[in-house]
Amino acid sequence: EPLFRSVLDTGVPKIDVEIQRNTPSRPDDQHHALANFYPLKTAANEVVGVNVVVQEITELKRFERILREKTDELKESQRLAGVGSWIWDLESDTVTWSDELHHLAGSDPTQILAGSKGFERFHTPESWGRLQAAAEKACQDGTPYEIEVEAILPDGGRRWRIIRGEALRDASGRIVK
């Protein structure tokens, strides 16, 4: 094994090496493992062996694949429906937009929005005031909202949109998003 030999020869560990293998009796049954190769050294710092720690991660890889597929399905659904979504983390005051919401607003997906204030520039002052009041009420007492707002597009045009929101609570019942 080249990794084993490399650690034995150099004394430098190899960390988080992903290994894939198939079951001989079932060639389509692929397994995944995460391996770490550590040099075993004497008191004089001479490498005399390699300790290998292997963790089975087949289920983790399966769940990662499923999550990727579901995320792709959600993105496609939002694109086809022409709707976007966002999450406002109250503790950190960060807002995360879906790709489709960035597309609808004409904003740059790599741009970080400065908390709830990041929404302001996308709405007329009157609409922003109503949206801000509805969102603040939802954050205070959990009241869901649905309001019609006038959005300002990057080209200066305007479009009416319906915005819905509801508070999300943690396990203790505290509103967190």
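Position 1 is the first residue of the sequence, and the numbers go up from there.
The salt bridge (Lys or Arg N to Asp or Glu O under 4.0 Å) search around Asp9 returns Arg5, not counting sequence neighbours. Residues forming a side-chain contact (heavy atoms from CB on, under 4.5 Å) with Glu59 (at least two apart in sequence, or on another chain): Arg62, Phe63. Partners of Glu46 by side chain to side chain donor-acceptor pair (under 3.5 Å), not counting sequence neighbours: none found.
Under a hydrophobic clustering in which Ile, Leu, Val, Met, Phe, Trp and Tyr are joined whenever their side-chain heavy atoms come within less than 4.5 Å, directly or via other members, Ile15 and Val7 fall into different clusters. Note on Tyr38: it does not cluster hydrophobically with Val50, by side-chain heavy-atom contacts below 4.5 Å among ILVMFWY residues.
The hydrophobic cluster containing Trp160, built from Ile/Leu/Val/Met/Phe/Trp/Tyr side-chain heavy atoms closer than 4.5 Å, comprises no other residue.
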Output side-chain donor-acceptor pairs under 3.5 Å for residues 144-151, partner residues at least two apart or in another chain, one line each.
from, atom 1, to, atom 2, distance (Å)
Glu146, OE1, Arg164, NE, 3.0

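Nearest heavy atoms, Val176 versus Arg169: CG2-C, 4.2 Å.
Counting non-hydrogen atoms of other residues, nucleotides and ligands closer than 6.0 Å to CD of Glu18 gives a total above 12. Environment of NE2 in His103: sparse, with no more than 12 heavy atoms of neighbouring residues, nucleotides or ligands closer than 6.0 Å. The number of heavy-atom neighbours closer than 6.0 Å to CD of Glu166, taken from other residues, nucleotides and ligands shown, is 12 or below.
Applying the side chain to side chain donor-acceptor pair (under 3.5 Å) test to pairs two or more places apart or on separate chains, those with a residue in residues 120-130 are Gln111-Arg121, Thr124-Ser127, Glu126-Arg130, Trp128-Gln132.
Between Asp141 and Lys137, at least one side-chain nitrogen of the basic residue sits less than 4.0 Å from a carboxylate oxygen of the acidic one, meeting the salt-bridge criterion.
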